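Everything below concerns the one structure shown next.
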Amino acid sequence: MADIPIIWILGGPGCGKGTQCAKIVEKYGFTHLSSGDLLRNEVASGSDKGRQLQAVMASGGLVSNDEVLSLLNDAIARAKGSSKGFLIDGYPRQKNQGIEFEARIAPADLALYFECSEDTMVQRIMARAAASSVKRDDDNEKTIRARLLTFKQNTNAILELYEPKTLTINAERDVDDIFLEVVQAIDCVLKKKQQNAAAQC
Ligand code: AP5
């Protein structure tokens, strides 16, 4: 794992994490693992565990890290042999999630934090919900407010702990302008990885 980048994608609900991840995948071919998507897949399976997860997600709270980390760990193990890099989208959402990820899986090389105002995030989610044929259960005003509160309660501690490897990006701009900054940061990580690999030869 030391030879490929691991990048955490942080930011509140609707800030544009998934949008930027899609562009990163297109340019770099990285493996995109969204904690929310992994959980929604589990819910869609109709299992008992899925029903419990759905209740937590509908409340806007956080699922237990044992569940999330185990889903991420399995997905990383499946992709590891062929992956060019991992985008871990929507994780960590609590300081301890980051600590456990790095202890059990590998250190993250970079965290990209997409900073966005609450008003913009709510507007973006409501617009997404209005435009989508399949509306997410948690994309309603009440749950969005709860998701924002959960985000606010946990994010400063994450940003403080991982300050040395976090880049904060103003996400209130055009998608392509944001992406230019994302590319600079990822290119820098890739260059450092190549230099480290060369130094070990
Ligand atoms: P999750 O699925 O991760 O949802 P989220 O964080 O609330 O984020 P979204 O997926 O809603 O938004 P996004 O930031 O990806 O924005 P997008 O690119 O779609 O989590 C859901 C739930 O799962 C959580 O509440 C929790 O219960 C549980 N969970 C997940 N991870 C967990 C964890 N680690 N631990 C415990 N529980 C966990 O963009 C939104 C809209 O805006 C789109 O329509 C897009 O086109 C538009 N847009 C994007 N960028 C721009 C821009 N620059 N300008 C204009 N419009 C834009």
Side-chain angles (χ1 to χ4, degrees), residues 8-26 32-44 49-73 75-76 87-102 104-105 108 111-155 157-158 162 169-182:
W8 288 342
I9 306 293
L10 315 177
C15 70
K17 301 183 292 297
T19 302
Q20 292 298 322
C21 282
K23 292 179 74 68
I24 298 169
V25 170
E26 197 182 5
H32 175 208
L33 298 176
S34 149
S35 52
D37 286 348
L38 291 170
L39 291 165
R40 279 185 287 278
N41 289 344
E42 190 65 44
V43 170
K49 197 207 302 182
R51 273 186 282 280
Q52 289 162 16
L53 297 177
Q54 186 174 27
V56 178
M57 292 165 81
S59 76
L62 293 179
V63 168
S64 89
N65 191 40
D66 282 349
E67 299 289 355
V68 184
L69 196 52
S70 141
L71 289 169
L72 281 173
N73 201 12
I76 289 171
L87 295 176
I88 312 294
D89 169 3
Y91 192 101
R93 274 173 140 95
Q94 280 179 323
K95 190 173 79 172
N96 283 346
Q97 291 195 349
I99 293 168
E100 286 178 38
F101 182 101
E102 293 200 313
R104 275 184 56 186
I105 299 177
L112 294 175
Y113 170 52
F114 294 106
E115 192 172 42
C116 202
S117 70
E118 285 199 9
D119 284 350
T120 301
M121 291 193 277
V122 173
Q123 277 167 21
R124 285 183 186 172
I125 295 178
M126 295 310 277
R128 179 180 67 189
S132 170
S133 53
V134 190
K135 191 167 166 276
R136 265 171 54 172
D137 285 348
D138 58 350
D139 277 357
N140 58 76
E141 186 122 21
K142 186 170 171 233
T143 310
I144 294 168
R145 292 286 166 204
R147 285 156 66 193
L148 284 166
L149 184 63
T150 304
F151 165 73
K152 273 204 297 200
Q153 284 169 339
N154 293 297
T155 299
I158 299 172
Y162 295 107
I169 295 180
N170 172 5
E172 302 239 12
R173 294 175 293 158
D174 181 79
V175 169
D176 291 331
D177 291 339
I178 297 168
F179 189 59
L180 283 178
E181 223 177 310
V182 168

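Counting starts at 1 for both ligands and their atoms, in listed order. Numbers here are sequence positions counted from 1. Fair warning: this is a prediction, and the values are worked out from it, not measured in the lab.
- Counted by atom type alone, D137 and Q54 present one or more donor-acceptor pairs between their side chains at under 3.5 Å.
- Under 4.0 angstrom from ligand 1, the non-hydrogen atoms of I178 all belong to its side chain.
- For ligand 1, the atoms sitting less than 4.0 Å from at least one non-hydrogen atom of G12 are 14 (O), numbered in the order shown with element in parentheses.
- Taking atom 18 (O) of ligand 1 as the reference point, the nearest protein heavy-atom neighbour is T19 OG1, 2.5 Å.
- With hydrogens left out, the protein atom closest to atom 15 (O) of ligand 1 is G18 N, 2.9 Å, a heavy atom.
- Scanning the protein for heavy atoms near atom 10 (O) of ligand 1, the closest one is R136 NH1, 2.9 Å.
- The side-chain hydrogen bond (donor to acceptor under 3.5 Å, both in side chains) check on D138 picks up R136, with sequence neighbours excluded.
- At least one heavy atom of G61 sits less than 4.0 Å from an atom of ligand 1.
- Checking K17, M57, R93 against atom 20 (O) of ligand 1, the nearest heavy atom belongs to R93.
- Contacts of V182 classified as side-chain contact (heavy atoms from CB on, under 4.5 Å), with partners at least two apart in sequence or in another chain: Q20, I24, L112, F114, I169, I178, F179, I186.
- Of the protein's non-hydrogen atoms, the one nearest atom 29 (N) of ligand 1 is L39 CD1, 3.4 Å.
- Here L72 contributes atom CG and E67 contributes atom CD; the two are 12.0 Å apart, rounded to the nearest 0.5 Å.
- In plain terms, the two heavy atoms of G50 and V43 that are nearest each other are O-CG2, 3.5 Å.
- The two residues T120 and C116 have their closest heavy-atom pair at CG2-SG, 3.6 Å.
- Counting heavy atoms only, R128 comes closest to atom 9 (P) of ligand 1 of the residues K23, Q94, R128.
- Below 4.0 Å from some heavy atom of S35 lie the following atoms of ligand 1, by number and element: 30 (C), 31 (N), 32 (C), 34 (N).
- The number of heavy atoms from other shown groups lying within 6.0 Å of NZ (K23) is above 12.
- Heavy atoms only, all atoms of each residue included: A146 and S59 are closest at CB-O, 3.3 Å.
- Between S34 and ligand 1 there is no heavy-atom distance shorter than 4.0 Å.
- The closest protein non-hydrogen atom to atom 12 (O) of ligand 1 is G14 N, 3.0 Å.
- Taking all atoms of both residues into account, the shortest heavy-atom contact from K17 to G12 is NZ-O, 3.0 Å.
- Residues S35 and V68 approach most closely at CB-CG1, 3.8 Å, considering heavy atoms.
- Residue contacts with ligand 1 for V68 involve side-chain atoms from C-beta outward but no N, CA, C or O (heavy atoms, distance under 4.0 Å).
- Counting heavy atoms under 4.0 Å from ligand 1, residue D89 does not touch it at all.
- Here is the list of ligand 1 atoms found below 4.0 Å of a heavy atom in R173: 52 (C), 53 (N), 54 (N).
- Between A129 and K135 the shortest heavy-atom distance is CB-CE, 3.9 Å.
- Those atoms of ligand 1 that come under 4.0 Å of a heavy atom in Q97, given as number and element, are 33 (C), 34 (N), 35 (N), 36 (C).
- Taking the six-membered ring where tryptophan is involved, the planes of W8 and Y91 are perpendicular, since the angle between them exceeds 60° and thus also 30°.
- Of the options R40, R147, M121, R124, the smallest heavy-atom separation from atom 50 (N) of ligand 1 is shown by R124.
- Counting only heavy atoms of the protein, atom 37 (N) of ligand 1 lies nearest to V63 N, 3.1 Å.
- If you number the atoms of ligand 1 from 1 as listed, the ones under 4.0 Å from a heavy atom of G16 come out as 13 (P), 14 (O), 16 (O), 17 (P), 18 (O), 39 (O), 49 (C), 50 (N).
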